[in-house]
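Report on one structure; see the data block that follows.
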Amino acid sequence: MVNEPTITCGILALQGDYEKHRQILRLLNCHTRLVFNREDLQRCDGLILPGGESTTLINLLKKHDLWDAVRDFGRRKPIYGTCAGCILMAKSIVGMDQDSLNLIDITVQRNAYGRQADSFIDDITLQLNGKSETMEGIFIRAPRIISMGETVRVLASYSGQVILAEQDNILVGTFHPELTSDTRIHRYFVQRIIASVKKS
Ligand code: GLN
């Protein structure tokens with residue numbers, strides 16, 4: 001991808017599969033920065049919150065003084081959260097008294113498809129840029145988006161369920177495109193970052 005203007009996509013690197021996101025962004029020639037602290041975050045134009053374990057990520061974000069900084073970042077710049085990253089940004093989590101960055105108007109249920117052994121791969125339907133396309137979806141102890149506000153846009157679905165959605169600066173997905181070599185969703189996110197840099 002022609003990366004113009006030059007942007008830096010940060011990837012939260014406290015836990016989870018952040019290296020996989022880095023590899024896929026490299027395929028797009030997008031400059032990346034692993035984010036360990038606030039100084040790293042300040043240098044980024046967009047941020048990826050990777051999959052992992054949301055409760056662990058909450059503790060680590062707080063420990064590294066990044067919790068408020070990431071919330072402020074999401075109010076100004078694009079963030080893409082996959083799986084645990086989606087849970088972190090959801091407005092509410094059913095049946096759990098769990099902290100949230102509250103950046104997108106969705107309610108999620110954690111581990112909604114079962115345990116690790118119930119993780120699965122199946123075809124999903126992408127609706128990026130107005131056309132329907134098929135993609136391989138990898139779901140690992142995935143959450144489910146069970147409700148969302150009216151201004152949240154659906155970008156992919158699986159079996160009648162919303163699995164990729166966006167609102168304002170925030171993009172969330174319940175599956176793991178970074179574990180495939182399919183760059184479409186990351187490309188979409190990078191374009192969002194470029195658009196936001198051009199606007200500012
Ligand atoms: N099950 C994890 C959680 O609830 C998320 C799993 C993942 O990120 N692949 O936080």
Side-chain angles (χ1 to χ4, degrees), residues 9-25 32 34-36 46-64 66-67 70-71 73-74 78-124 126 135-148 152 155-159 161-167 170-186 188-189:
C9 183
I11 309 163
L12 186 74
L14 300 180
Q15 195 234 4
D17 71 339
Y18 51 86
E19 266 305 330
K20 294 287 179 191
H21 284 283
R22 192 176 217 192
Q23 283 164 16
I24 203 155
L25 287 167
T32 59
L34 295 183
V35 171
F36 300 97
L47 177 69
I48 290 181
L49 299 179
E53 192 62 43
S54 54
T55 44
T56 307
L57 278 163
I58 291 168
N59 291 336
L60 289 171
L61 280 164
K62 289 182 177 171
K63 186 170 161 208
H64 292 261
L66 273 165
W67 183 254
V70 169
R71 178 185 278 137
F73 189 95
I79 304 186
Y80 170 30
T82 51
C83 212
C86 165
I87 298 167
L88 286 181
M89 293 195 287
K91 186 174 177 181
S92 55
I93 296 117
V94 272
M96 300 250 176
D97 185 17
Q98 180 166 321
D99 265 349
S100 148
L101 294 167
N102 191 4
L103 285 169
I104 181 165
D105 187 9
I106 60 169
T107 299
V108 297
Q109 182 182 0
R110 287 181 64 192
N111 302 318
Y113 300 90
R115 307 168 70 101
Q116 187 77 17
D118 301 309
S119 297
F120 62 97
I121 301 178
D122 209 346
D123 279 356
I124 62 167
L126 266 188
M135 181 178 168
E136 185 179 73
I138 301 181
F139 296 83
I140 303 170
R141 286 180 305 118
R144 204 164 139 177
I145 299 172
I146 56 167
S147 67
M148 55 188 223
V152 179
L155 296 177
S157 54
Y158 170 69
S159 210
Q161 294 148 29
V162 176
I163 55 167
L164 185 71
E166 72 178 350
Q167 183 184 39
I170 308 302
L171 174 67
V172 289
T174 61
F175 58 104
H176 292 275
E178 75 282 7
L179 299 181
T180 71
S181 52
D182 192 322
T183 55
R184 281 176 287 178
I185 296 175
H186 286 78
Y188 178 81
F189 182 59

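Counting convention: from 1, in listed order, for ligands and their atoms alike.
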message = Please list the nearest protein heavy atom to atom 2 (C) of ligand 1 with its residue and the distance rounded to 0.1 Å.
response = Gly52 O, 3.7 Å

remark   = Atoms of ligand 1 under 4.0 Å from any heavy atom of Ile87, numbered from 1 in the order shown, are 3 (C), 4 (O), 10 (O)

key: Check: Arg144 main-chain N/O paired with Thr174 side-chain donor or acceptor under 3.5 Å   = no

query = What is the distance from atom OG1 of Thr32 to atom CD of Glu19, rounded to the nearest 0.5 Å?
reply = 8.5 Å

inquiry  = Looking only at protein heavy atoms, which one is nearest to atom 1 (N) of ligand 1, and what is the separation?
reply    = Asn111 OD1, 2.6 Å

task = Would you check whether Ile140 has a nitrogen or oxygen atom less than 3.5 angstrom from a nitrogen or oxygen atom of ligand 1?
result = yes

Sole residue of Pro50, Ser54, Pro143 in side chain to side chain contact (heavy atoms under 4.5 Å, CB included) with Cys83 = Pro143

key: N/O separation below 3.5 Å, Ala84 to ligand 1   = yes

task = With heavy atoms of Gly51 as the reference, note each atom of ligand 1 found under 4.0 Å away.
result = 8 (O)

ask   = For ligand 1, is any non-hydrogen atom under 4.0 Å from Arg110's backbone (N, CA, C, O), its side chain (CB onward), both, or neither?
value = side chain

inquiry  = With a 3.5 Å distance limit and no angle check, can you tell me whether Thr82 reaches the backbone of Gly51 through a side-chain donor-acceptor pair?
reply    = yes

query = Between Leu49 and Leu57, is a side-chain contact (heavy atoms from CB on, under 4.5 Å) present by the stated rule, with each step listed?
reply = CA-CA 9 Å; Leu49 299 179; Leu57 278 163; over 6 Å; no

query = Going by the order shown, which atoms of ligand 1 are within less than 4.0 Å of some heavy atom of Glu53?
reply = 2 (C), 3 (C), 4 (O), 10 (O)

task = Let me know which of Cys86, Ser92, Ser147 forms a side chain to side chain contact (heavy atoms under 4.5 Å, CB included) with Ile106.
result = Cys86

ask   = Would one find an N or O of Thr82, backbone or side chain, under 3.5 Å from an N or O of ligand 1?
value = no

query = Considering only heavy atoms of Ser54, which atoms of ligand 1 have at least one such atom less than 4.0 Å away?
reply = 3 (C), 4 (O), 10 (O)

task = Assert yes or no for the condition that the ring centre distance of Phe175 to Tyr158 is strictly below 6.0 Å.
result = no

inquiry  = Determine whether a donor-acceptor pair (N or O, by modelled atom type, separation under 3.5 Å) exists between the side chain of Glu178 and the backbone of Ile24.
reply    = no

request  = Would you check whether Thr55 has a nitrogen or oxygen atom less than 3.5 angstrom from a nitrogen or oxygen atom of ligand 1?
outcome  = no

Nearest-contact summary for atom 7 (C) of ligand 1 - protein heavy atom, Å = Cys83 SG, 2.9 Å

